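The structure appears right after this line, and notes come after that.
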Amino acid sequence: MPRMVILDGNSLVYRAFYALPTLTTADGRPTNVLHGFLTMLFRLEQEQQPDYWVVAFDKTKATVRIEQYAGYKAQRKETPEGLRPQFDYLKDVLTELEVPMLELAGYEADDLIAVVAKQAEAQGMEVQVYTGDRDALQLISPKTNIYLTKKGISEVECYDEHALWERYQLRPYQIIDLKGLMGDSSDNIPGVPGIGEKTALKLLLEFETVEGVLANVDKVSGKKVQSNLKEFADQAILSKKLATMLTEVPLVFSLDDLVYRRSQANKVLPVLLKYDLRNVTRLWQERHKDNGEPIGESPDVLLEDWPERKLTDADWLAQIDQWRERKDPLTLACRYEGTGLQGGHWLEWGIATLGESFTFAREVVSAEVLKAWSELMGDDHVPKTVADSKTVALLLANEGTCLKGVVLDMSLASYLIQSSRPKFAPLDLVKEYVANQAVFENVATEAAALAQVAPKFEEEIHSLGLAHLLHEIEEPLSLVLAQVERHGIAVDAEKLSSFGEGISITLKQLENGIYALAEETFNINSPKQLGIILFEKLGLPTAKKTKTGYSTDAETLEELRLAHPVVAKILDYRQLNKLMSTYVNGLLAQVKDGRIHTTFQQTVATTGRLSSTEPNLQNIPMRLEQGRQLRKVFHPTEPGWVLLSADYSQIELRILAHYSQDPLLCESFSLGQDVHTRTAAEVFGISLDAVTSEMRRSAKAVNFGLVYGLTEFGLSRDLGIPRKESKFYIEQYFKRYSGVKQYLENVVAKAKQEGQVHTLLNRLRRIPELLSSNRVQRQFGERIAMNTPVQGTAADIMKLAMIKVAEGLKPYRAAMLLQVHDELLLQVAPEDLQSVARVLIEAMENAFPLSVPMTVECKVGPNWYDMQSFKPME
DNA sequence: TAACTCACG
DNA sequence: ACGTACGTGAGTTAC
């Protein structure tokens, strides 16, 4: 449950002022309130870890209450001399701490507190109110607790309904009756003369309210009390009214404005020092260090000059020998021509080790030295640090050389430390930690620079708990990916071409048809021109707009399908044109020797997924039949071999089940049920048999949405239903799957505190969006917080599986061809099909066992289209 | 280069 | 009152 912490600024400031001795800055400004208030603030921040918080202040020139009663607070003294300026100081500091503040002319902090508390409760939050004013006890509810300052300010006493009863034998709503009877001298609420706390409590225990007391005034014991009650009945009623916190306040704010944000050192430290708050500064630093603070703020490596040693042929042999003998740690940089994948070749290597650097140039060394070099690279016992091991491995592979012994891949390390950073090129990596100018004059200085910052990466990796993920998963995987890329996948270019010819013909017909219906020719591929034709010339109704004009995307056009015959043709045209340009032409341009070699990007996706480029083989058409046909062109390289695919079934929902431990979701997977059907049964409150396909479709959309950070809007759009209906689905879902709801709330709350989330294997994603001043951005951050642990854990598990599969495949005639997030595609010799399928399933299902079973489904076929379900024999 | 559109999980 | 599902890459147009 999200937690809202509300502080009564005025009350706490007064408490601090009177509780603490006079303290001043060097130039004599009073600061004792700052000390007291901030000490308390930091303590509660640490102990309560609020999700939302706010400090409310009075702004009482002429309060609403003075209109009601002229004497209200009349006798309150002027604000003491040393206190007045401290309000401004405090607001100054709170601003830099990014603690939200509220004040409203004519209202007291009390009233604002009541309003915020009420709204927060309505949003299902737990509310804590910190104040020295017992009036606030009237706000107590099952969800709201009041923390009253005890002696001093930093100690507080928590009041809930139970504690209130224990202490006063009062219900929260009776607090105002208490004040009505006994009054409050500090606010100059008169109450009834002669009635103090004791009498008031006794009366309320018997008669419940002021009204109850007055109605039964004759039964009240004590003559004087009785007569005073009669005489001052009106005053009692008025006093009660004055003590009532107003909740009808014209206060415009959104709870999102009160979201807790981590304070930033560059803002906080200057303002604390401005007021000479040394102890408070120390406290702040203690509370905020080591807690998700962004890295790389203080570059602290001064690059040294590692002298370059020039070697002759004979020296090189001796040197390489020595390196192998002594297992010296080598840091490598590489210059190359072409690309690793397209048979590119390295030109020279920079080598840095133990304060020295070297340039190993192909041109100047003999074949014998090259052979020694090759052995050095393949020696598992010689530890190597590189910036990008996949590229290095590919370049070496082009020479028939293996890369072994990589102990640190700095780009991968950097990616794990900051998954969202845009670049991981060697120079960027070095700049991350280096204070002086880093320029790579040559490959030797590059290696030397990399070697000097490498320990910083290793250090950071360890302190973030990423060592296992880096060394046991990402680094080994990069070598697996190098193999997969290098192998490539066979493509039937002729079939692809003839596929394209067929498309071309249809495309031409559609084009002419569109021109005829539009009665002019134009560029159909231009959304701008298309928009003008559809919405201006043909006058079709405009639904959506983009920044620059009319929206013409498929969703919009689908709405207009019946409005004009040209629309359907445009939709068809779009679909075929996409197939033609992106897939037929795009892929044909990438075919080399009958194969396509994609590049898997390992440092791009912020969630930890791989991506695939040049070409992207992770988005080959599947959903629509026409596009799906394209998969027929992907086939095994070897005649007679088959393609074997293996899909994780519902991996993300299983991970959600594991994280949330929701009983229904877990049970659904343990029993091997169709999870969407089960969800439909739960949401609609019917039996499994009664679920219609339409219900299942809705439930499926809910399940998908869950993983993305469900919104009413998204679901209603996805299902094409009204917001009301999607809201209902979501409510029903969370009623039944309360564990899931709980989990999602927790993960967001924790993310807000830490500014980051992590996956099961501890992959980290910082979410600066959570700190954004823009509400839309913050909500985006919340959805990221819900999605990343799930999507990222799926990526982790698949990566683990790939390493196991690559190892398990070695005895067989088989190769890994592609990874498509939850699917692996292999090619296998028919005689090894059974064994390989068993290895595959075993590796994937048990890569990282969860509390629910993981299941993998295999398919086999002669090409990527004609795939038939396949189960290996036991 | 940005914006739009659309392919995948 | 506003702008919204999560993660990618590629082709095209238009500035």
Side-chain angles (χ1 to χ4, degrees), chain A residues 252 254 256 419-420 522-531 544-557 570-571 573-587 589-590 598-601 604-624 626-628 630-631 647-652 656 701-719 723 726 730 757 765 767 769 774-792 794-795 798 818-824:
Chain A
V252 181
S254 149
D256 281 313
S419 59
S420 58
F522 63 100
N523 189 340
I524 306 170
N525 289 320
S526 163
K528 192 177 173 184
Q529 293 182 34
L530 181 61
K544 260 195 319 187
K545 273 201 271 185
T546 66
K547 278 184 212 169
T548 53
Y550 306 110
S551 173
T552 66
D553 62 14
E555 196 193 334
T556 310
L557 296 188
I570 290 168
L571 282 165
Y573 176 91
R574 277 261 179 84
Q575 206 186 107
L576 285 181
N577 193 53
K578 174 82 176 176
L579 290 181
M580 193 64 198
S581 58
T582 303
Y583 296 103
V584 176
N585 295 333
L587 290 180
Q590 301 277 352
T598 186
T599 299
F600 286 107
Q601 305 295 338
V604 168
T606 48
T607 51
R609 276 189 174 182
L610 300 178
S611 78
S612 160
T613 60
E614 286 182 294
N616 182 355
L617 293 184
Q618 289 181 323
N619 70 345
I620 302 301
M622 173 75 173
R623 291 169 189 167
L624 298 175
Q626 203 162 25
R628 191 176 186 153
L630 232 135
R631 295 187 167 222
D647 269 64
Y648 276 114
S649 156
Q650 306 293 351
I651 185 168
E652 294 190 341
L656 184 63
V702 170
N703 280 333
F704 267 97
L706 276 174
V707 171
Y708 299 152
L710 204 54
T711 65
E712 288 169 26
F713 173 84
L715 186 64
S716 70
R717 187 163 59 62
D718 222 49
L719 285 173
R723 285 281 283 271
S726 66
I730 294 171
V757 288
R765 177 171 181 183
I767 313 181
E769 290 87 350
N774 177 317
R775 185 174 60 90
V776 175
Q777 278 295 303
R778 285 200 302 279
Q779 289 173 338
F780 179 48
E782 291 172 12
R783 294 194 294 270
I784 292 173
M786 293 187 252
N787 171 267
T788 296
V790 174
Q791 185 181 126
M798 179 51 111
L818 292 176
Q819 184 251 46
V820 193
H821 310 307
D822 62 358
E823 170 189 4
L824 284 183

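The structure displayed is predicted, hence computed values, not measured ones. The sequence lines fix the lettering, A, B, ..., with proteins before strands; numbering per chain opens at 1.
- In this structure, the separation between CZ on A:Phe713 and CG on A:Asp718 is 10.5 Å, given to the nearest 0.5 Å.
- Formation of a donor-acceptor pair under 3.5 Å by the A:Gln618 side chain with backbone atoms of A:Gln819 is found in this model.
- Listed by residue number, there are no residues of residues 549-556 of chain A with a heavy-atom contact under 4.0 Å to DNA chain C.
- Checked by distance alone, A:Arg775 brings a side-chain donor or acceptor within 3.5 Å of a matching partner on the base of C:dC2.
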Just the atom pairs and distances: protein N or O near nucleotides 10-12 of chain C's N or O, under 3.5 Å.
from	atom 1	to	atom 2	distance (Å)
C:dA10	OP1	A:Glu614	N	2.7

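- For the P atoms, the distance from B:dC6 to C:dC2 is 26 Å, rounded to whole Å.
- Between A:Arg609 and C:dG7 there is no side-chain polar atom (N or O) within less than 4.0 angstrom of OP1 or OP2.
- Listed here is the closest heavy atom pair of A:Val790 and A:Leu656: CG2-CD1, 4.3 Å.
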- Which dot-bracket string describes DNA chain C (Watson-Crick N1-N3 plus N6-O4 or O6-N4, or G-U N1-O2 and O6-N3, all under 3.5 Å; [ ] crossing; | other strand)? .....|||||||||.
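- For the pair A:Glu823 and A:Asp647, the tightest heavy-atom approach, listed with the atom from each and the gap, is CG-OD1, 3.5 Å.
- Nucleotides C:dG3 and B:dA3, compared at atom P, are 16 Å apart to the nearest Å.
- Residue contacts for A:Val604: at a heavy-atom cut-off of 4.0 Å it reaches the sugar-phosphate backbone alone, with no base atom in range.
- Scanning both residues, A:Tyr583 and A:Asn619, for their nearest heavy atoms gives OH-O, 2.5 Å.
- When every heavy atom of A:Arg631 is checked against every heavy atom of A:Ile620, the shortest pair comes out as NH2-O, 2.8 Å.
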